[in-house]
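Before any comments, here is the structure.
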2 protein chains.
Amino acid sequence: MLRLSKLTDYAVVVMARLARDGALPEGRVQTAPGLALATGIAEPTVAKVLKILSQAGLVEGLRGARGGYRLARPLAAVPLSEVIVAIDGPIALTACVDGGQGQCEAQGICAVRGRWDPVNDAIRRALSDITLADLAGPTRCAPATTFTQLVAE
Amino acid sequence: MLRLSKLTDYAVVVMARLARDGALPEGRVQTAPGLALATGIAEPTVAKVLKILSQAGLVEGLRGARGGYRLARPLAAVPLSEVIVAIDGPIALTACVDGGQGQCEAQGICAVRGRWDPVNDAIRRALSDITLADLAGPTRCAPATTFTQLVAE
DNA sequence: TTAAATAGGACCTAGTGGGTCCTCTTTGAA
DNA sequence: TTCAAAGAGGACCCACTAGGTCCTATTTAA
């Protein structure tokens, strides 16, 4: 199904919300509970996503009372690929990736060994060309269509 | 992680092997046990993949003694996207796809609602431009590199 | 000093993909 | 005519891991 993890989905939503609420670079911050309320995502989950994004340098976390999060960069400067990598790890379209030592059990006879890279490059390129600004759109609301309808092939 | 299912991976390997062993359209057939032996993939799994590919019209199954499978089309005429769709279902880069009724719990406030389609289009285009022939290569063996090395970002 | 936040873990749970097995049907060959 | 070899089509089990929750430590403004 080639699916994106839910966490990544949440990340995009949360970052879009940060931008919309003015939590821009050097601007005021937005708390995790507040973002949870605004997005409808459970609070612990929002907190988890923000922590990961913070580690990746995509958002900036300010601790202490009156703390919160804000974007490290404007949405237009954040390629979608970067968010995916931050949450899900490297973008690679194959199952034998996470073997660690890279020893595919069928390595000796695998007919397509070493040929996935153009595929992965193509995917990475496609995801790098799209920024979060493209996904979030110009502040206005998207038309009332469901994901399912949009995405079904 | 954006991972492809293992089954899809197997499908590509198996189809590449079919081509290599001359199980081309209108040609002689190759049995599932034989393919399992040749690819190093467990036999029941190979059989499962072939059944799915057969239903999708990507391979042709001939029943009975001396039966087996052969490609329905040459590899060059099979876009990678078609194999993925056959095994994994529609290509769609978002988690809220399989809700069925399409009612995302955060539907009312989701900031990125309805904006994933350009992303999905880009991915589909990338995967449609690559055929199995590109993956399998011109019969010769790929260099001895592991998937992991090739694919790590 | 206190309360409100983030930071960083540990940990549990459920969904589902991966894999196996069983039975039925088809068909060529003895 | 019979038999064996193969695919067709399910049912089913198991393990992995993503998703989600919670707890504690740390920081900092009021």
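Here the structure is a predicted model, which means the values were calculated and not measured. Note on naming: letters A, B, ... go to the chains in the order of the sequence lines (proteins, then strands), and numbering restarts at 1 for each one.
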[X] side chain: which of [options] is closest?
X: A:P33; options: D:dG7, C:dT6, C:dG18; answer: C:dT6
X: A:P44; options: D:dT21, D:dG7, C:dT20; answer: D:dT21
X: A:A65; options: D:dG19, C:dA4, C:dG28; answer: C:dA4
X: A:S5; options: D:dA18, D:dG7, C:dG18; answer: D:dA18

Give a yes/no answer on whether the side chain of B:T31 brings an N or O atom under 4.0 Å of OP1 or OP2 in D:dG7.
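Answer no for this pair, as no side-chain N or O of B:T31 is under 4.0 Å from OP1 or OP2.
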
Does the side chain of A:Y10 get closer than 4.0 angstrom to OP1 or OP2 of D:dA18 through an N or O atom?
no

Grab the [atom1]-[atom2] distance between [X] and [N] for me, whole Å please.
X: B:Y69; N: D:dA5; atom1: OH; atom2: P; answer: 17 Å
X: B:I87; N: C:dG19; atom1: CD1; atom2: P; answer: 12 Å
X: A:D88; N: D:dT17; atom1: CG; atom2: C1'; answer: 12 Å
X: A:Q30; N: C:dA5; atom1: CD; atom2: P; answer: 11 Å
X: A:R70; N: C:dT6; atom1: CZ; atom2: P; answer: 13 Å
X: A:L7; N: D:dT21; atom1: CG; atom2: P; answer: 12 Å
X: A:R28; N: C:dA5; atom1: CZ; atom2: C1'; answer: 17 Å

Kindly indicate whether the side chain of [X], heavy atoms from C-beta on, has any atom under 4.5 Å from the side chain of [Y].
X: A:T8; Y: A:V49; value: no
X: B:L58; Y: B:R73; value: yes
X: A:L80; Y: B:V119; value: yes
X: A:E60; Y: A:L71; value: no
X: B:E82; Y: B:P79; value: yes

Please work out which residues in residues 47-63 of chain A have a non-hydrogen atom less than 4.0 Å from an atom of DNA chain C and list them by number.
A:K51, A:S54, A:Q55, A:G61, A:L62, A:R63

Path from A:L62 to A:Y69 over hydrophobic side-chain contacts below 4.5 Å:
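No: no chain of side-chain contacts under 4.5 Å links A:L62 to A:Y69.
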
Can you work out whether B:G64 or A:R66 has the more 5'-proximal nearest nucleotide on DNA chain D?
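The residue whose closest nucleotide sits nearer the 5' end is B:G64.
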
Within the distance-only criterion (no hydrogens, no angle test), does the side chain of A:S54 pair as donor or acceptor with the backbone N or O of A:L50 below 3.5 angstrom?
no

